[in-house]
Amino acid sequence: MKELMEAISELLSSGNPMFSKETTENAREYLLEAQNELKNGDHHQAWMWLVRGQTETGEKELIQSLLKKYFDFIKSQKPIRVLHGSIEIANQMASLSKGLETDPDILSHSVNYYPYYLNYRSTYTWNLLNQRSTAALNRKLRAFSDEICSNYNVLHFHFGTTLTFDYSDLPAYKSKAIPALMHHWGSDVRQLSLALKTNPYARVKDTNEDGIKRKLEVLGTFISRCIVPDWELYPYVKDYYSKVEIVPSAIDVSAYPYHTKHEICKRPLIVHAPTSPYIKGTPSILKAIEDLKLTHAFDFKLVQGLSHEQAVETYKQADIIIDQLHVGSYGLFAVECMALGKPVICWITDEMKSRYPKELPLITANPDTIKETLKQLLNNRDSLNETGKLGRAYIEKVHDCRKIKVPLKTMYSELLN
């Protein structure tokens with residue numbers, strides 16, 4: 001990217017006539033941001049600043065020459081070039097990319113519009129937190145979509161999002177024959193009326209079922225294939241896509257150290273990390289904790305508001321992890337903690353027990369049984385290490401991102417042929 005750096009520096013030079021005549025001061029700010037990213041070694045985010053400069057200032061002719069240098073670089077990489085977007089759910093875009101890029105044929109990048117406090121890393125970041133869907137914003141995002149999609153030949157969208165807020169980018173992908181698939185993760189599709197058929201404890205974040213269905217109808221019109229991480233989500237999406245595939249969530253197991261023998265303290269540490277207390281069953285958990293403190297010696301930590309790296313450091317110290325008590329399936333938090341070799345409590349419905357591998361080593365509890373389940377674990381702490389060991393083995397077998405790349409590559413190849 002030395003050539004791009006030199007071109008930007010030339011434009012920014014005080015004596016450059018093109019800059020003084022054709023470039024607004026606002027465009028200069030974007031060029032400076034791109035220059036800084038290049039100095040920091042991040043040519044991808046530098047490109048993002050250039051595209052934003054083009055779409056937000058109208059300086060297309062000037063900046064296009066810079067963008068072409070980046071386009072040529074990307075297109076020369078690998079035959080399968082995947083772009084994930086536009087929201088990072090529990091580090092899944094990054095984890096999937098990590099696994100995919102171990103394949104010599106695949107380049108996998110991500111764009112994130114919602115850089116929350118968890119500080120997950122993406123290839124491209126455009127902070128659109130708290131932005132509303134307006135005609136002006138969607139025009140900019142469509143222009144951005146046109147630019148970025150010239151680099152990639154597969155679009156892998158997540159959580160019901162695309163590269164615009166109003167789905168107005170979807171017709172262009174279809175007309176240009178750029179294959180796309182949608183990866184749903186939970187609350188973007190979960191509907192209470194369906195969930196209650198198999199789960200008496202079911203709760204949902206979004207109670208507007210008609211709104212969820214309308215979004216699925218639009219997505220299914222332009223996107224034929226869909227991925228969900230387990231069978232719990234299948235009923236919500238099966239009527240909207242031509243093909244629905246189950247691909248487990250991914251984790252880079254090498255990033256989660258596992259010690260085969262975790263020494264259980266005299267005062268065991270119980271950890272719960274609710275991103276959504278209502279869905280996770282936090283009130284029931286806190287009630288059980290307060291009751292048990294009257295009879296048992298242990299410590300309890302509620303993890304909230306920390307970056308992902310900070311939170312993981314707390315999980316490493318835990319003796320018992322409590323995940324979620326209402327959904328009826330396990331999520332990414334349980335996957336991370338099992339990878340660390342921690343025994344995890346989670347509510348799993350009978351329906352999902354029949355769907356998961358038989359060796360799933362989760363400890364099952366719901367809001368009615370969480371107190372008794374914790375009591376049994378505190379009274380029988382010798383079993384905790386063995387449960388943690390089984391959890392780690394399960395994650396290595398089912399959720400390793402290097403294994404998840406196999407079904408994804410098959411899907412991408414089918415879409416491109």
Side-chain angles (χ1 to χ4, degrees), residues 44-45 48 51-52 82-100 108-134 137-138 140-142 144-145 148-149 152 154-170 173 180-190 204-206 208 211-212 214-216 218-220 222-223 225-230 233 236-237 240-241 247-252 273-276 279 305 307-309 311 327 331-333 335-336 401 404 408:
H44 299 305
Q45 193 59 27
M48 185 62 143
V51 170
R52 288 183 60 184
V82 185
L83 180 70
H84 297 262
S86 60
I87 185 171
E88 185 60 272
I89 299 295
N91 210 33
Q92 282 306 285
M93 292 197 299
S95 296
L96 291 172
S97 291
K98 182 74 176 285
L100 287 166
S108 183
H109 289 163
S110 61
V111 56
N112 184 17
Y113 292 161
Y114 307 93
Y116 295 110
Y117 63 86
L118 293 170
N119 293 334
Y120 292 130
R121 289 286 297 168
S122 296
T123 314
Y124 313 107
T125 301
W126 186 348
N127 190 342
L128 296 177
L129 282 168
N130 303 318
Q131 293 287 314
R132 294 176 62 245
S133 179
T134 64
L137 176 59
N138 283 304
K140 292 179 182 179
L141 294 177
R142 283 195 300 275
F144 165 62
S145 172
I148 199 167
C149 290
Y152 301 91
V154 177
L155 302 176
H156 187 148
F157 294 123
H158 295 259
F159 204 70
T161 67
T162 64
L163 294 181
T164 62
F165 281 17
D166 61 357
Y167 296 152
S168 58
D169 54 327
L170 288 175
Y173 308 142
L181 56 85
M182 179 56 71
H183 207 144
H184 291 294
W185 288 102
S187 59
D188 53 330
V189 294
R190 192 174 287 117
V204 297
K205 288 183 181 179
D206 188 350
N208 183 2
I212 292 173
R214 283 194 297 271
K215 287 182 179 180
L216 286 170
V218 174
L219 291 169
F222 295 97
I223 298 175
R225 299 183 73 150
C226 160
I227 299 173
V228 290
D230 58 36
L233 296 180
Y236 312 121
V237 301
Y240 299 94
Y241 297 93
V247 178
S249 53
I251 190 171
D252 178 8
T275 49
S276 178
I279 302 298
S307 70
H308 182 247
E309 290 182 357
V327 173
L332 273 300
F333 176 51
V335 171
E336 289 182 333
C401 65
I404 301 300
L408 289 180

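Below, each value reflects all heavy atoms present in this structure, side chains not excepted, and no hydrogens, waters or symmetry copies.
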Geometric class of the Y114/F165 ring pair [parallel <30°, tilted 30-60°, perpendicular >60°]:
parallel
All heavy atoms of R190 vs all of V204, minimum pair found to be CG-CG1, 3.8 Å
Q.
Using side-chain heavy atoms (C-beta onward) and a distance below 4.5 Å, is Y124 in contact with I148?
A. yes
For Y241, the side chain to side chain donor-acceptor pair (under 3.5 Å) test, sequence neighbours excluded, returns H184
Salt bridge (Lys or Arg N to Asp or Glu O under 4.0 Å) filter on R225, not counting sequence neighbours, yields E245, E414
Interatomic distance, OH@Y152 vs NE2@H109, rounded to 0.5 Å, equals 5.0 Å
Across all chains, not counting sequence neighbours, the side chain to side chain donor-acceptor pair (under 3.5 Å) partners of S122 are none
For N130, the side-chain contact (heavy atoms from CB on, under 4.5 Å) test, sequence neighbours excluded, returns none
Contacts of N208 meeting side-chain contact (heavy atoms from CB on, under 4.5 Å) (sequence neighbours excluded), chain-then-number -> D206, D210, R214
For I89, the side-chain contact (heavy atoms from CB on, under 4.5 Å) test, sequence neighbours excluded, returns I87, F159, W185
Self-check item: Within-4.5 Å side-chain heavy-atom neighbours: I227 and L408
Solution: yes
When every non-hydrogen atom of L141 is compared with those of L128, the smallest separation belongs to CD2-CD1, 3.8 Å
Checking the side chain of Y113 only, and the main-chain atoms of L163 only, is there a donor and an acceptor separated by less than 3.5 Å? yes
Rounded to the nearest 0.5 angstrom, the OG1-CE distance for T123 and M48 is 10.0 Å
So NE2 of H183 and CG of D188: to nearest 0.5 Å the spacing works out to 10.0 Å
Nearest heavy-atom approach of L129 to P115 is CD1-O, 3.7 Å
Rounded to the nearest 0.5 angstrom, the OH-CG distance for Y173 and L155 is 6.0 Å
Residues passing the side chain to side chain donor-acceptor pair (under 3.5 Å) test with T125, sequence neighbours excluded, are none
The side chain to side chain donor-acceptor pair (under 3.5 Å) partners of E336 (sequence neighbours excluded) come to Y256, H308
Do Y236 and V228 pass the side-chain contact (heavy atoms from CB on, under 4.5 Å) test, and can you show the C-alpha distance, the side-chain angles, and the key distance before you say yes or no?
CA-CA 10 Å; Y236 312 121; V228 290; over 6 Å; no
With sequence neighbours left out, the residues meeting salt bridge (Lys or Arg N to Asp or Glu O under 4.0 Å) with K98 are D252
Heavy atoms of V82 and H156 approach each other most closely as CG1-CB, 3.9 Å
Value for NZ (K140) from OG1 (T164), rounded to nearest 0.5 Å, stands at 14.5 Å
Sorted by chain and residue number, the salt bridge (Lys or Arg N to Asp or Glu O under 4.0 Å) partners of R121 (sequence neighbours excluded) come out as D42
Distance col, row L83:CG vs S110:OG, nearest 0.5 angstrom, shows 7.5 Å
Applying side-chain contact (heavy atoms from CB on, under 4.5 Å) to Y167 and not counting sequence neighbours gives T162, L170, K215, V218, L219
Scanning both residues in full, the closest heavy-atom pair of S168 with N138 reads OG-CB, 4.4 Å
Exercise for the section: Kindly indicate, with the supporting measurements, whether the criterion side-chain contact (heavy atoms from CB on, under 4.5 Å) is fulfilled by I223 and F157. Expected result: CA-CA 10 Å; I223 298 175; F157 294 123; 4.2 Å; yes
Scanning both residues in full, the closest heavy-atom pair of G160 with M182 reads N-SD, 3.4 Å
In short, side-chain hydrogen bond (donor to acceptor under 3.5 Å, both in side chains) pairs touching residues 85-94 with sequence neighbours left out are S86-T161
